[in-house]
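These notes concern the structure reproduced below.
Throughout, protein chains are lettered first and strands after them, A, B, ... in sequence-line order, and every chain is numbered starting at 1.
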Number of protein chains: 2
Amino acid sequence: MAKSSRITARDGVRADARRNRERVLVAARAVFAEHGIDAPMATVARRAGVGVATLYRHFPTRDALVRGAFAQQMEACARALTEALAAPDPWQGFQQLVETVCALQREERGFPAAFVAAFPESTSEHAQSRRRAEQDFTTLVRRAQASGELRADFRPSDLAVVLLAHCGLVTALPDDGAASRRLVAYLLQSFRTDPANKPLPPPTALSLRSLPMAN
Amino acid sequence: MAKSSRITARDGVRADARRNRERVLVAARAVFAEHGIDAPMATVARRAGVGVATLYRHFPTRDALVRGAFAQQMEACARALTEALAAPDPWQGFQQLVETVCALQREERGFPAAFVAAFPESTSEHAQSRRRAEQDFTTLVRRAQASGELRADFRPSDLAVVLLAHCGLVTALPDDGAASRRLVAYLLQSFRTDPANKPLPPPTALSLRSLPMAN
DNA sequence: GTCCAAGTGGACGATTGCGTCCACTTAGGA
DNA sequence: TCCTAAGTGGACGCAATCGTCCACTTGGAC
């Protein structure tokens, strides 16, 4: 079993370092859930049982830590979008997507704030994958509208409205998720085509990309 | 013109003190709008052109300052509720109320956070007037439902859901209000009775009183 | 077992915000 | 004009958080 490469284990990182990194991520999720995304770095370090220096080596900025802590959730969101596009019924896909993303936000406390605080560096891979997600979502919207089930005046930027509003809700409430479910149901209902619908006020000028940047 | 009473002017408060109090309130609104409700007290004092001590004499706690700064808006909300109850058509009243409150929140940046942060001391007149508002709103809801225009499964606690979500939205966006208007329109639409509506998930256990307390 | 680079922890100086204290200023009644 | 209590401002002590530096420890190659 020649499992060790030239320098050290697997990825050239010492085993204890990798272990500590993981402990920090677990601690970060716990602390962020409990005290919000602005909790002191030292608290995270203490919870993880490591020194501050160790924390800062693995995650030089709070932002990096936040991103690391919720990387799984971000990926789950991306996956949900892919699945939504693959769904046979585009409205089903749309509905599924909104529900899944909101469910993710309500399950991992602190994630919504992280999600909204978003990606500061606009040159990175993140900006790229975000633009990609934006395009995919726009496609999904168009299809659902073409199928006649999503109201014609829905704009992709309305997703930002939904997510920000939902984020505010779940962040404010240490709740079992009932409020979140209720809001989502109300909103999805009014997104669905209904001949009796009155015209909405003009859509926002927002693109998904213009979610507030951390800065 | 015997305008001065025994001690000093009008209310027994020196003219310069009253003037400073007003300057502080103006400054507080400006600073809260710009930097959020957690802006340093010293910033408010500097903006008002007074010393910190002066600020602390007039408003011993940040909470008192916040409440003072947005007292007008709170009163406007209360007035809106009264007017809604007096409206000939209860659904119109309901709609008006939601729109007016949300308009107030979007116009004075920082007010939503103040509104939600709410009233800490539960023994005060505030708790009482809040309970009163709660009862009045419940009455309004019942009437609108009786008229058949508001969906039967709407719960008064849903107002908390709306306000928290809306607060999150306008707080996150330094925006012209388009997003806020859009959200409100979507929500009002789904509150309106529609035979095609599917049942909602169970209402939250929240009473309006359980909006997060500033602990 | 030996060795050393990678990894670690916590002390530390800097910064920021809080709220109080006290010596000075001033409004306004007499 | 004088007098004094009400009002004022800013310096100060305290606490929290940040991010760095450096002396010590340890994983793992040989």
What is the separation between atom [atom1] on [X] and atom [atom2] on [N], rounded to the nearest whole Å?
X: B:Asp63; N: C:dC18; atom1: CG; atom2: C1'; answer: 16 Å
X: B:Met41; N: C:dT20; atom1: CE; atom2: P; answer: 10 Å
X: B:Glu22; N: D:dG7; atom1: CD; atom2: P; answer: 16 Å
X: A:Leu55; N: C:dG7; atom1: CG; atom2: C1'; answer: 14 Å
X: A:Asp16; N: C:dG9; atom1: CG; atom2: C1'; answer: 13 Å
X: A:Tyr56; N: C:dG9; atom1: OH; atom2: P; answer: 15 Å
X: A:Arg47; N: C:dG9; atom1: CZ; atom2: C1'; answer: 20 Å
X: A:Arg19; N: C:dA6; atom1: CZ; atom2: P; answer: 18 Å

From the options [options], select the nucleotide whose nearest atom is closest to the side chain of [X].
X: B:Arg14; options: C:dT20, D:dG27, C:dG28; value: C:dG28
X: A:Pro40; options: D:dA11, D:dT17, D:dG27; value: D:dT17
X: A:Ala17; options: D:dA11, C:dG7, C:dG9; value: C:dG7

Between [atom1] of [X] and [atom2] of [Y], what distance do you get to the nearest 0.5 Å?
X: A:Glu75; Y: A:Arg79; atom1: CD; atom2: CZ; result: 6.5 Å
X: B:Leu25; Y: B:Arg29; atom1: CG; atom2: CZ; result: 5.5 Å
X: A:Leu164; Y: B:Ser180; atom1: CG; atom2: OG; result: 12.0 Å

Determine the contact category for [X]: base if any of its heavy atoms lies under 4.0 Å from a base atom, sugar-phosphate if only primed atoms, P, OP1 or OP2 are that close, otherwise nothing.
X: B:Val50; value: sugar-phosphate
X: B:Arg46; value: nothing
X: B:Arg21; value: nothing
X: A:Ala53; value: base

Tell me whether the rings of A:Phe137 and A:Phe154 are parallel (<30°), tilted (30 to 60°) or perpendicular (>60°). perpendicular

Ignoring hydrogens and geometry beyond distance, is a side-chain donor-acceptor pair present between B:Gln189 and A:Arg151 at under 3.5 Å? yes

